[in-house]
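A short worksheet on the structure shown next.
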There are 2 protein chains.
Amino acid sequence: LVDINNMKKTYVMGSNMVRALDGVDLNIKHGEYISIVGPSGSGKSTLMNMIGCLDAPDSGSYMLDGVDVSDMNDKELAEIRSEKIGFVFQGFNLLPRLTALENVELPLIYRGYSHKKRREMALEALDRVGLGDRVHHKPTELSGGQMQRVAVARALAGNPPVLLADEPTGNLDTNTGKEILAMLEKIHDQGNTIILITHDKELAGQAKRRIEIRDGRIIHDEEVRK
Amino acid sequence: LVDINNMKKTYVMGSNMVRALDGVDLNIKHGEYISIVGPSGSGKSTLMNMIGCLDAPDSGSYMLDGVDVSDMNDKELAEIRSEKIGFVFQGFNLLPRLTALENVELPLIYRGYSHKKRREMALEALDRVGLGDRVHHKPTELSGGQMQRVAVARALAGNPPVLLADEPTGNLDTNTGKEILAMLEKIHDQGNTIILITHDKELAGQAKRRIEIRDGRIIHDEEVRK
Ligand SMILES: Nc1ncnc2c1ncn2[C@@H]1O[C@H](COP(=O)(O)OP(=O)(O)OP(=O)(O)O)[C@@H](O)[C@H]1O
Ligand SMILES: Nc1ncnc2c1ncn2[C@@H]1O[C@H](COP(=O)(O)OP(=O)(O)OP(=O)(O)O)[C@@H](O)[C@H]1O
Ligand SMILES: [Mg+2]
Ligand SMILES: [Mg+2]
């Protein structure tokens, strides 16, 4: 699924160079359940954005399902993002003027579902994350953990084959976090691929393979469960 | 310090009533170290915003240091917020066009510190949270956990007698979170008051008193440590 070779990303700030990714090699097969861990600022979100085609590296290659991502045009990239990948952003990235329901429906519009079908899928996803009674609230009318759950519902609603989740439970109490964990287990059992950035030990423990990042490099990469 | 009686806050959404705070009684003395826990959406941030004078209840009273908050004018409230209270917001609330350093200096400007003194205090606070090499980055040039730490530094820089921290470690790895924990311990030892909303068991375990909220009501309130 993912084949990344010697990927680098450097930000230049005046005379400073921030090496966000400093030579990353990564190979991910379909159906894997991977956790990415590491200190704050180590490059996890940057790597996730590359995998999700939201950003481009300065050097190195990225083959997604056998196709070189750097050869794709904007239209092809947008198509991949809306059809193949569900993304839970670390900062949620909800649209402030849309309700929870409209936010969750948004990716489904690009996939061509009927209005009736979209509404049904979005309501079901919001119900799954425990927000059935908050569907018409806008982001400013939701608690921090509720906004986070809307972001999760939006990523899951279209049942994407690849789920990229960046800290999906950072604002949730233990019980609600466990419900999200169970949801991810189920999605993985159905054959989907999950790549999860998390600081939560329990969530990380659920994954089958654990990748540890430090200073823009992968320092450990091992199978941890069968 | 804080004396809250039968506080209520209800949001009306069409025909729905969301009782965010449903009759809260709370008494907090100077120098206490309190954790507020409870499920996502239970009313923790709403209560914190009331304590920090950022919001006003529909009914009930709030005496802060013996003065009725509902009697205060905007100028007095602003003064309290900038001089007595340091606030770490759940959503960070950093100004996107200012650097980390400028964001941390902002509350110090209102307190009348000289330019030189402000810069010194802000640099020291950023250094304490491990961001000494990120001071000129804007929020979009920082990782999620780095933004969170800027929010913590901004609250601590002016050494406020009361610290209100809403989920200050949700985006941090365990080690960085422990450093924030140690910082809070130290601030408390110096005699300051800390009120902390957290889902983190370790952070909650550090507090001396634990308040549990559910559906807008306090269901437990007990001393847990000496
Ligand atoms: N402006 C609003 N309009 C309607 N409902 C609101 C509004 N603001 C908050 N709420 C509701 O009030 C309740 C309490 O919100 P609050 O932010 O205090 O929860 P919380 O305990 O901090 O949750 P979390 O742990 O997820 O941060 C939530 O159920 C939320 O949906
Ligand atoms: N636009 C930018 N300009 C300069 N530096 C940047 C920029 N974006 C990110 N960085 C830096 O790149 C590094 C990696 O950032 P990234 O967001 O990938 O970290 P992370 O591992 O996700 O951290 P966290 O756990 O705190 O979310 C950070 O040290 C950050 O300061
Ligand atoms: Mg990140
Ligand atoms: Mg909250």
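Keep in mind that this is a model prediction, so the values were computed, not measured. A, B, ... follow the sequence lines: proteins, then strands. Residue 1 opens every chain. Computed over heavy atoms, backbone and side chain alike; hydrogens, waters and symmetry mates excluded.
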If you measure only the distance, is there a donor-acceptor pair under 3.5 Å linking the side chains of B/Q90 and A/N171?
-> yes
What option among B/E141, B/M147, B/E167 has the most heavy-atom pairs under 4.5 Å with chain A?
-> B/E141
Which portion of B/H136 sits near chain A, non-hydrogen atoms under 4.5 angstrom | backbone
Segment of A/S143 engaging chain B (4.5 angstrom heavy-atom cut-off) = side chain
From the list A/V18, A/D133, A/N175, the residue making the most non-hydrogen contacts under 4.5 Å with chain B is A/V18
Compute whether any side-chain donor of one residue and acceptor of the other, for B/T176 and B/R149, lie under 3.5 angstrom apart.
-> no
Of the backbone (N, CA, C, O) and the side chain (C-beta and beyond), which part of B/Q148 lies under 4.5 Å from a heavy atom of chain A, both, or neither?
-> neither
Where B/I194 and B/L184 come nearest, the two heavy atoms and their spacing | CD1-O, 3.1 Å
Mark yes or no for whether B/T99, through its side chain, and B/E102, through its backbone, hold a donor-acceptor pair below 3.5 Å.
-> yes
Given a strict heavy-atom distance threshold of 4.5 Å, which part of B/V37 is in contact with chain A: side chain, backbone, both, or neither?
-> neither
Closest heavy-atom pair, A/D173 versus B/G38, reported as atoms and distance to 0.1 Å, is CB-O, 3.9 Å
If one checks every heavy atom of B/K201 against chain A at 4.5 Å, the contacting part turns out to be side chain
Among A/S42, A/G130, A/P39, who wins on heavy-atom pairs under 4.5 Å with chain B?
-> A/P39
When the 4.5 angstrom heavy-atom criterion is applied to B/Q146 and chain A, the contacting part is both
B/R214 atom CZ: more than 12 heavy-atom contacts under 6.0 Å | no
Does B/N192 use its side chain to pair, donor to acceptor, with the backbone of B/I187 at less than 3.5 Å?
-> yes
